Protein chains: 2
Amino acid sequence: MPAEASRIAGEIDRKSGTPIYVQLREILRSYISASCKPGAALPSERDLSERFGLARMTVRQAIDALVGEEVIERVVGLGTFVRKPKLDLQVKLTSYSEEMQRRGMVPAAKVLSFEQIAASAFLARELQLEEGTPLVRFRRLLLADNEPMSVDENFIPAHRVPGLLDDAPPLRYTTF
Amino acid sequence: MPAEASRIAGEIDRKSGTPIYVQLREILRSYISASCKPGAALPSERDLSERFGLARMTVRQAIDALVGEEVIERVVGLGTFVRKPKLDLQVKLTSYSEEMQRRGMVPAAKVLSFEQIAASAFLARELQLEEGTPLVRFRRLLLADNEPMSVDENFIPAHRVPGLLDDAPPLRYTTF
DNA sequence: CAGTGGTCTAGACCACTTG
DNA sequence: AAGTGGTCTAGACCACTGA
């Protein structure tokens with residue numbers, strides 16, 4: 001059962017200069033973090049339109065933003081729901097470099113190496129492959145505003161990226 | 001000077017079942033990759049509305065998607081412009097796992113390890129640090145639809161992520 | 001000044017889900 | 001059948017940019 005729109009605190013100030021959908025977005029964000037658990041249903045878009053006196057398209061614009069942030073998700077025919085926050089310390093760091101790149105702060109990523117290797121025992125186990133299976137390894141230096149940010153190493157089963165290194169160089173085992 | 005909307009090939013099929021904004025998005029994508037250089041201006045939203053016989057909000061929905069993909073960008077008062085593509089083969093692969101995650105295809109990323117180490121000579125050189133500088137290293141197994149996708153290893157100078165591993169464990173040197 | 005993207009409205013029809 | 005999100009329309013006013 002969806003939440004009652006009337007239970008959401010906050011009002012829209014049409015003279016504030018702040019776009020209405022931004023105001024509503026923050027009202028919803030507060031409501032979610034204060035009163036919602038993962039899986040909880042938000043009021044329907046039409047209920048929110050009525051509650052705040054807005055066009056549904058404007059409500060959708062606010063919701064769009066939160067969906068983009070992966071705070072909530074929409075399910076057709078059902079409603080809009082609060083997602084599980086993935087705010088573990090490690091996961092937070094995990095997305096650090098990705099965030100930087102997504103925000104356009106890393107126009108540069110220097111490729112340090114790019115080659116085909118054979119899966120070590122460790123990698124084979126984790127990737128559920130046979131030891132020695134060809135992997136593509138590439139290392140990158142990620143830059144944020146021209147400053148070295150992190151070094152990134154990535155192993156992908158070669159069969160997932162066909163046609164890329166078909167001039168197969170001799171396999172070497174990795175130390176990892 | 002903005003491009004002439006009339007020079008854009010393609011038509012909207014209102015019976016196809018495919019959302020109009022998706023059709024227009026792909027028409028624009030083709031036009032951009034075939035006929036545009038970075039910095040080139042797209043026709044204005046109003047011109048596109050007229051050219052394809054659509055409401056401006058619908059045109060904006062198509063453009064929104066391409067802006068979200070960082071293919072184009074909007075500048076208030078000026079227009080919409082083609083961005084520099086970052087589409088090198090390696091970079092293309094580089095963004096593979098990131099793409100998967102962004103598209104929501106990787107709700108799971110298992111953290112294999114997470115620890116503090118000392119920068120090896122190689123890492124110190126690339127990150128412009130002194131050898132032995134504390135780094136945070138974490139390894140992740142990325143899953144796409146529950147299938148192992150790739151193994152990712154990341155090195156970040158510890159000073160960039162303060163307060164995370166302050167109970168500093170003894171430094172060990174990495175093999176890499 | 002005319003043109004641009006940014007925002008907003010008040011409707012509409014659709015496919016989809018659940019009772 | 002009733003409710004949901006998904007899509008679409010045809011307008012509107014705003015702040016901003018350039019000439």
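Residue numbering restarts at 1 for every chain, and letters A, B, ... go by the order of the sequence lines. This structure is a prediction, so every number in the text was calculated from the model and none was measured.
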Student: As a test of reading the structure: which of C:dG5, D:dG6, D:dT4 is closest to the side chain of B:Glu45, going by heavy atoms?
Tutor: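 Among C:dG5, D:dG6, D:dT4, the one nearest the side chain of B:Glu45 is C:dG5.
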Student: Side chain of B:Ala55: nearest nucleotide among C:dT18, D:dA10, C:dG5?
Tutor: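 The closest nucleotide is D:dA10.
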Student: Between D:dC8, D:dC13, C:dT17, which nucleotide gets closest to the side-chain atoms of A:Leu78?
Tutor: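 That would be C:dT17.
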Student: Send over the distance from A:Phe52 CZ to C:dT9 C1', rounded to a whole Å.
Tutor: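 In whole Å, C:dT9 C1' and A:Phe52 CZ are 18 Å from each other.
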Student: Does B:Gly79 or A:Gly53 map to a spot on DNA chain C nearer the 5' end, using the closest nucleotide for each?
Tutor: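 Upstream on the strand: B:Gly79.
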Student: Is B:Arg60 near enough to C:dG6 that one of its side-chain N or O atoms lies under 4.0 angstrom from OP1 or OP2?
Tutor: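 For B:Arg60, the contact criterion (side-chain N or O under 4.0 Å from OP1 or OP2 of C:dG6) is met.
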Student: Regarding A:Arg29 and A:Glu26, does a basic nitrogen lie under 4.0 Å from an acidic carboxylate oxygen?
Tutor: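 Looking at A:Glu26 together with A:Arg29, the answer is yes, because their closest N to O distance falls below 4.0 Å.
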Student: If only atom types and distance count, is the side chain of A:Gln23 paired as donor or acceptor with the main-chain N or O of A:Thr18 below 3.5 Å?
Tutor: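 Yes, A:Gln23 side chain to A:Thr18 backbone: donor-acceptor pair under 3.5 Å.
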Student: Rounded off to whole Å, could you give me the CD1-to-P distance for the A:Ile63 and C:dT7 pair?
Tutor: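 My rounded result for the distance is 17 Å.
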Student: Does OP1 or OP2 of D:dT4 have a side-chain N or O of A:Thr80 closer than 4.0 Å?
Tutor: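 No, because none of the side-chain N or O atoms of A:Thr80 sits under 4.0 Å from OP1 or OP2 of D:dT4.
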Student: When you check the gap from the basic side-chain N to the acidic O, do A:Arg51 and A:Glu11 get nearer than 4.0 Å?
Tutor: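 Yes, this pair counts.
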Student: Distance check needed: D:dT9 C1' versus B:Gln61 CD, whole Å only.
Tutor: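 Rounded to whole Å, this separation is 12 Å.
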Student: Establish whether B:Tyr21 and B:Val71 are linked, either directly or via other cluster members, by ILVMFWY side-chain heavy-atom contacts under 4.5 Å.
Tutor: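 Not linked; separate clusters.
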Student: Please confirm whether the backbone N or O of A:Leu129 pairs with a side-chain atom of A:Thr133, one donor and one acceptor, at under 3.5 Å?
Tutor: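 No; judged by distance alone, with no hydrogens or angles, the pair does not exist.
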Student: Given that B:Val59 and A:Gly77 both sit by DNA chain D, which one's nearest nucleotide is further toward the 5' end?
Tutor: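 Nearest-nucleotide comparison on DNA chain D picks A:Gly77.
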Student: Just the rounded figure in Å: distance from P of C:dA10 to CE of B:Met57.
Tutor: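 Rounding to the nearest Å, CE of B:Met57 and P of C:dA10 are 14 Å apart.
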Student: Taking OP1 and OP2 of D:dT4, is either one under 4.0 Å from a side-chain nitrogen or oxygen of A:Ser44?
Tutor: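 Looking at the OP1 and OP2 atoms of D:dT4, one of them is under 4.0 Å from a side-chain N or O of A:Ser44.
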Student: By a strict heavy-atom criterion of less than 4.0 Å, which residues belonging to residues 15-33 of chain B are in contact with DNA chain D?
Tutor: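 Close to the strand are B:Pro19, B:Ile20, B:Tyr21.
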Student: In whole angstrom, what separates B:Ile72's CD1 from C:dT4's C1'?
Tutor: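 Distance check: B:Ile72 CD1 to C:dT4 C1' gives 14 Å.
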Student: In whole Å, what is the span from the CG atom of B:Asp47 to the C1' atom of C:dG3?
Tutor: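 Rounded to whole Å, this separation is 10 Å.
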Student: Say whether, by atom type as modelled, one donor and one acceptor occur between the side chain of B:Ser16 and the main chain of B:Asp13 under 3.5 angstrom.
Tutor: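 Pair found, side chain donor or acceptor close to backbone of B:Asp13.
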Student: For B:Leu54, report the nucleic acid contact type (base, sugar-phosphate, nothing); a contact means any heavy atom under 4.0 Å.
Tutor: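 The answer is sugar-phosphate, as B:Leu54 gets under 4.0 Å only of primed atoms, P, OP1 or OP2.
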Student: Tell me the interatomic distance from B:Arg14, atom CZ, to D:dG6, atom P, rounded to whole angstroms.
Tutor: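 That distance rounds to 20 Å.
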Student: Closer to the 5' end of DNA chain D via nearest nucleotide, is it A:Arg46 or B:Arg56?
Tutor: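 Whichever sits nearer the 5' end wins; that is A:Arg46.
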Student: Given A:Ile32, which of A:Ile27, A:Ile8, A:Leu66 fulfils the side chain to side chain contact (heavy atoms under 4.5 Å, CB included) condition?
Tutor: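 Of the listed options, the one satisfying the test is A:Leu66.
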